[in-house]
**Q** 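Please read through the structure below; I'll follow up with questions.
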2 protein chains.
Amino acid sequence: MAKFDPDLNLIFQALSDPTRRAMLARLGKGAVPVSELARPTGLALPTVMRHLSVLEEAQLIATEKTGRTRLCRARPDTLAATADWLEEQRAIWEGRADRLEAYVMKLMEQGDAGKS
Amino acid sequence: MAKFDPDLNLIFQALSDPTRRAMLARLGKGAVPVSELARPTGLALPTVMRHLSVLEEAQLIATEKTGRTRLCRARPDTLAATADWLEEQRAIWEGRADRLEAYVMKLMEQGDAGKS
DNA sequence: ATCAAACTTAGCCATATCGCTAAGTATCAC
DNA sequence: GTGATACTTAGCGATATGGCTAAGTTTGAT
């Protein structure tokens, strides 16, 4: 299997840009080619490509080229790992046993459902 | 009540630095003055101050000066809002009704427990 | 009154980021 | 094969980021 190690530096950096978050939201509705992802942004194509490569390096998306078009799709596993980090911090910060418990429960639930 | 509007740009940007995440983790164990937060980083104080101001502008921490020391504490509400955004995206990306349901349940739970 | 402690401000340097345009390369349609 | 389509690469400029040192400022202790 491919190694999956999310880098929080890259992930959060990628998420810090509204254009990229908009792209991710768009990808939530399904995989799309680069040009379609670019259209609503109004940005030049090289600029969009750059955003995409940031997202891909952060493993938030995966892309695949077929013919002359490149299809982009979201990678929920990375987002899940990120959500887990936040949830963990939240549990600690709130200092509440029930949140910690809920977090553990969710981890177990994922172990059951999240693996392919 | 004080206006609370989390800015995801600032938040994710703040979270993208490992030094700042380490500081947040440290604050999970309780409020501490600047110098104590600085010590484990090995960074110069002005550098640390800068990190702190980034965290504070993102509303991830709050600080309060008493005498000549400034005390820093975490702001779980902002982290919670961020976790919610991620959870929402995850629910969409995974395209699964049960995740969406779990998310809504959590929202309700927070509505019950999270308000001051 | 003096001195150390704990920030704080100002400013410098190196690198990274976000936008662009111009000029490639590689399909696909005819 | 000609031309259009869909990226891709190269490189520029403005601004932001993350580190530093040096020189304040404000308190607390003596």
Side-chain angles (χ1 to χ4, degrees), chain A residues 6-27 30-75 78 82, chain B residues 6-27 30-75 78 82:
Chain A
D7 180 329
L8 290 176
N9 288 15
L10 295 180
I11 292 168
F12 284 129
Q13 171 61 31
L15 292 177
S16 74
D17 186 282
T19 300
R20 288 191 291 259
R21 287 200 306 278
M23 287 171 164
L24 285 178
R26 172 67 190 81
L27 289 179
V32 284
V34 172
S35 48
E36 184 162 340
L37 216 42
R39 184 150 14 93
T41 69
L43 295 172
L45 211 56
T47 305
V48 170
M49 290 298 294
R50 191 92 178 263
H51 282 304
L52 288 177
S53 83
V54 169
L55 287 169
E56 191 164 18
E57 275 180 33
Q59 302 187 65
L60 283 164
I61 67 170
T63 74
E64 182 193 357
K65 189 151 187 178
T66 312
R68 61 183 162 172
T69 79
R70 177 176 295 278
L71 205 61
C72 309
R73 68 183 74 255
R75 287 196 49 179
T78 302
T82 311
Chain B
D7 180 330
L8 289 176
N9 288 15
L10 296 179
I11 292 168
F12 284 128
Q13 171 61 29
L15 292 177
S16 75
D17 186 280
T19 300
R20 287 192 290 261
R21 286 199 307 277
M23 286 170 164
L24 285 178
R26 172 67 191 81
L27 289 179
V32 284
V34 172
S35 47
E36 185 162 341
L37 215 43
R39 185 150 15 93
T41 68
L43 295 173
L45 212 55
T47 305
V48 170
M49 291 298 292
R50 191 149 170 114
H51 282 304
L52 288 176
S53 83
V54 169
L55 287 169
E56 190 164 19
E57 275 181 34
Q59 303 188 68
L60 283 164
I61 67 170
T63 74
E64 181 192 358
K65 188 150 187 179
T66 312
R68 61 182 161 173
T69 80
R70 178 176 294 278
L71 205 61
C72 310
R73 69 183 74 253
R75 286 195 51 179
T78 301
T82 311

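Each chain gets a letter, A, B and so on, in the order its sequence line appears, and its residues count up from 1. Since the model is a prediction, treat every value here as computed from it, not as a measurement.
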**Q** Rounded to the nearest angstrom, tell me the gap between atom CG in A:Leu45 and atom C1' in C:dT21.
**A**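 In whole Å, C:dT21 C1' and A:Leu45 CG are 13 Å from each other.
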**Q** Of the listed nucleotides (D:dG18, D:dG19, D:dC7), which one gets closest to any side-chain atom of B:His51?
**A**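 Selected nucleotide (nearest to the side chain): D:dG19.
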**Q** Report the nucleotide, chosen from D:dA22, D:dG18, D:dT8, that has the shortest atom-to-atom distance to any side-chain atom of A:Met49.
**A**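 Of the options given, the side chain of A:Met49 lies nearest D:dT8.
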**Q** Nearest to the side chain of A:Gln13, heavy atoms from C-beta on, is which of D:dC7, C:dT17, C:dT8?
**A** C:dT17
**Q** Should B:Ser35 be listed as having a side-chain N or O under 4.0 Å from OP1 or OP2 of C:dC7?
**A**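 Yes, because at least one side-chain N or O of B:Ser35 sits under 4.0 Å from OP1 or OP2 of C:dC7.
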**Q** Find which nucleotide of DNA chain C each of B:Arg70 and A:Ala44 is nearest to by heavy atoms, and output the residue with the more 5' nucleotide.
**A** B:Arg70
**Q** Does any N or O in the side chain of B:Arg75 come within less than 3.5 Å of the main-chain N or O of B:Glu56, such that one atom is a donor and the other an acceptor?
**A**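 No.
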**Q** Report the distance from atom CD of A:Glu64 to atom C1' of D:dC7, rounded to the nearest whole Å.
**A** 16 Å
**Q** Between the side chains of A:Gln59 and A:Thr78, is a donor N or O closer than 3.5 angstrom to an acceptor N or O?
**A**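 Short answer, no.
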**Q** What's the separation between atom CG in B:Asp17 and atom CE in B:Met23, rounded to the nearest 0.5 Å?
**A** 8.5 Å
**Q** Start with the C-alpha gap between B:Thr69 and B:Val34, add the side-chain angles, then the distance that decides, and say whether side-chain contact (heavy atoms from CB on, under 4.5 Å) holds.
**A** CA-CA 7 Å; B:Thr69 80; B:Val34 172; over 6 Å; no
**Q** What does B:Thr69 touch in the nucleic acid at a heavy-atom separation under 4.0 angstrom: a base, only the sugar-phosphate, or nothing?
**A**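 Sugar-phosphate, backbone atoms only, no base.
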**Q** Let me know the distance between CG of B:Leu15 and P of D:dT17, rounded to the nearest Å.
**A** 14 Å
**Q** Using the side-chain heavy atoms of B:Thr19, tell me which of these nucleotides is nearest: D:dT8, D:dG19, C:dG19.
**A** D:dG19
**Q** Using only side-chain N and O atoms of A:Lys65, determine if any of them is under 4.0 Å from OP1 or OP2 of C:dA26.
**A**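 False: A:Lys65 side-chain N/O out of range (4.0 Å or more) of C:dA26 OP1/OP2.
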**Q** Could you tell me how far apart A:Asn9 (CG) and C:dT17 (P) are, to the nearest whole angstrom?
**A** 11 Å
**Q** Can you check whether B:Thr47 has a side-chain N or O nearer than 4.0 Å to OP1 or OP2 of D:dG18?
**A**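 No, outside the criterion.
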**Q** What is the distance, rounded to the nearest whole Å, between atom CZ of A:Phe12 and atom P of D:dT17?
**A**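 Answer to the nearest Å: 17 Å.
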**Q** On a plain distance test, is the side chain of B:Arg68 in donor-acceptor contact with the base of C:dA5 below 3.5 Å?
**A**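 Yes, a donor-acceptor pair under 3.5 Å.
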**Q** To the nearest 0.5 Å, what is the distance between CG on A:Leu52 and CG on A:Leu27?
**A** 8.0 Å
**Q** Can you tell which of D:dT8, C:dC7, D:dG18 lies closest to the side chain of B:Asp17?
**A** D:dG18
**Q** Between A:Leu10 (CG) and C:dA16 (P), how many Å, whole number?
**A**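 My rounded result for the distance is 13 Å.
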**Q** Measure the distance from CG on B:Leu43 to C1' on D:dC20 and round it to the nearest whole Å.
**A**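 That distance rounds to 10 Å.
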**Q** What integer distance in Å separates A:Arg50:CZ from D:dT9:C1'?
**A** 12 Å
